[in-house]
Peer 1: 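Here you go, one structure.
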Protein chains: 2
Amino acid sequence: MKSAFESHNHSACADAAMTRATNLAAARGLRLTPVRRRVLEILLERHRALGAYEVLERLAAEGLGKQPPVAYRALEFLVENGLAHRIQRLNAFTACQSVHEDGQAPAFLICRECQTVDELDAADLRDALSTRAGQAGFTVERATIEALGLCATCAGRA
Amino acid sequence: MKSAFESHNHSACADAAMTRATNLAAARGLRLTPVRRRVLEILLERHRALGAYEVLERLAAEGLGKQPPVAYRALEFLVENGLAHRIQRLNAFTACQSVHEDGQAPAFLICRECQTVDELDAADLRDALSTRAGQAGFTVERATIEALGLCATCAGRA
DNA sequence: AATAGGAATGTTATAGCATAACATGAAATC
DNA sequence: GATTTCATGTTATGCTATAACATTCCTATT
Ligand SMILES: [Zn+2]
Ligand SMILES: [Zn+2]
Ligand SMILES: [Zn+2]
Ligand SMILES: [Zn+2]
């Protein structure tokens, strides 16, 4: 699997993700409505996180809704079902690029130069965090792990 | 060191933090002005994160400033100098309860019930994350690690 | 002590992010 | 085909954050 930072056949990326989404919807009886499907497609266009209002602009241009709740509701649906992730540092959303069986979010690598966002499996990091927290009597329910930095490509240009 | 979730002599906590802040200001030639000092004191009242506008309300009540930039600037100063941290999940700020030599932020444990925020040294987690990211050619500059869950006290009540 | 430069604060205005609440419409269930 | 449930449309508002510029307060230098 190529990283989001490397040049790759991105149509394959996006197609695979859409297929996963369609299958998931069928399997779980979810309704992947036109708005929801379109929002996922928009997020899948690039390995970037989009703000809700950026998504909304796109929807509005296509006549799929002009008010914030339309975008927020679709994004909420996608996030709840693991088809997209919220990037806390950016107040933005990105399409899920893999599968997270346990419903736990991965870690994110965010390039401050090209804005590309990549996922990193974080099971071990989450485990370590849970263990450490547990020693303090704390039960971790959701962990946010986000790294801001420079990808290889952007580092090379500097 | 007691955790923020356990009952403890919190005045000592707050006093120690203010002393550290005063010393740091002296050592680095920082200006811990009345507004900045007061904001730190407000954050130190409890192990909770406060939104900028909550801080602002307090400042306004004391005649120390009524406009958002006053609060944001003081908070920015405190965060830049490691005296406070920003909690991304909450869009809120909390006083630093320890010392982070390398200028790297710790991990945070956030109780969803009592809103208490505690720090956890995260050097090993950050190292692991950096290593994993490095394998993908990514250089981590800043890492955000936040865990939402239940503290022992609140778990006990359920 | 005067003064010039820089740092902090005051102030106005606006931009950006998010949701409550209620109305309407579509689709699954019975 | 009536009922219930889920999704969308719409209005309004609240919360979070910063740009831009004026003013005041320190500090260092003369
Ligand atoms: Zn791709
Ligand atoms: Zn990059
Ligand atoms: Zn304390
Ligand atoms: Zn608690």
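Keep in mind that the numbers below use all heavy atoms, side chains included, and drop hydrogens, waters and symmetry copies. We name chains A, B, ... by the order of the sequence lines, and we start the count at 1 in each one.
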Peer 1: Select from Tyr53(A) and Gly63(A) the residue whose nearest nucleotide in DNA chain D is closer to the 5' end of that strand.
Peer 2: Gly63(A)

Peer 1: Should Arg48(A) and Glu54(A) be marked as a salt bridge (charged side-chain N to carboxylate O under 4.0 Å, His left out) after you check the CA-CA gap, both sets of side-chain angles, and the distance that decides it?
Peer 2: CA-CA 12 Å; Arg48(A) 252 200 71 205; Glu54(A) 293 181 88; 3.7 Å; yes

Peer 1: Can you check the Glu80(A) CD to dC6(D) P distance for me, whole Å?
Peer 2: 13 Å

Peer 1: Please report the distance, rounded to the nearest Å, between CG in Leu75(A) and P in dT19(C).
Peer 2: 11 Å

Peer 1: Report the distance from atom CD of Glu62(B) to atom P of dT9(C), rounded to the nearest whole Å.
Peer 2: 15 Å

Peer 1: With Phe108(B) as reference, evaluate Leu90(B), Ile145(B), Leu148(B), Ile87(B) under the side chain to side chain contact (heavy atoms under 4.5 Å, CB included) test and give the passing residue.
Peer 2: Ile87(B)

Peer 1: Between C1' on dT16(D) and CZ on Arg89(B), what's the gap in Å once rounded to a whole number?
Peer 2: 17 Å

Peer 1: Grab the CZ-C1' distance between Arg37(B) and dA8(C) for me, whole Å please.
Peer 2: 16 Å

Peer 1: Applying the 4.5 Å side-chain criterion to the ILVMFWY set and letting contacts propagate, would Tyr53(A) and Ile42(A) be lumped into a single cluster?
Peer 2: no

Peer 1: Do Glu41(A) and Arg36(A) pass the salt bridge (charged side-chain N to carboxylate O under 4.0 Å, His left out) test, and can you show the C-alpha distance, the side-chain angles, and the key distance before you say yes or no?
Peer 2: CA-CA 9 Å; Glu41(A) 286 171 357; Arg36(A) 291 167 175 177; over 6 Å; no

Peer 1: Side chain of Pro69(A): nearest nucleotide among dT9(C), dT19(C), dT8(D)?
Peer 2: dT19(C)

Peer 1: Looking at dA7(D), dT9(C), dT10(D), which one has an atom nearest to any side-chain atom of Arg36(B)?
Peer 2: dT9(C)

Peer 1: Report yes or no: does Glu146(A) contribute a side-chain atom to a donor-acceptor pair with the main-chain N or O of Gln88(A) at less than 3.5 Å?
Peer 2: yes

Peer 1: So if I take every side-chain heavy atom of Lys66(A) and compare against dC17(C), dT10(D), dT8(D), which nucleotide ends up nearest?
Peer 2: dT10(D)

Peer 1: Do His100(A) and Glu119(A) get their side chains close enough for a donor-acceptor pair, meaning under 3.5 Å?
Peer 2: yes

Peer 1: Produce the list of close N/O pairs, under 3.5 Å, pairing protein atoms with atoms of nucleotides 21-28 of chain D; give distances to one decimal.
Peer 2:
none

Peer 1: Taking the minimum atom-to-atom distance to the side chain of Tyr72(B), which one of dT16(D), dT8(D), dA20(C) wins?
Peer 2: dT16(D)

Peer 1: Are Glu76(B) and Arg73(B) close enough for a salt bridge, meaning some N to O gap below 4.0 Å?
Peer 2: no

Peer 1: Between dT11(C), dT16(D), dA8(C), spot the one nearest the side chain of Gln67(B), thanks.
Peer 2: dT11(C)

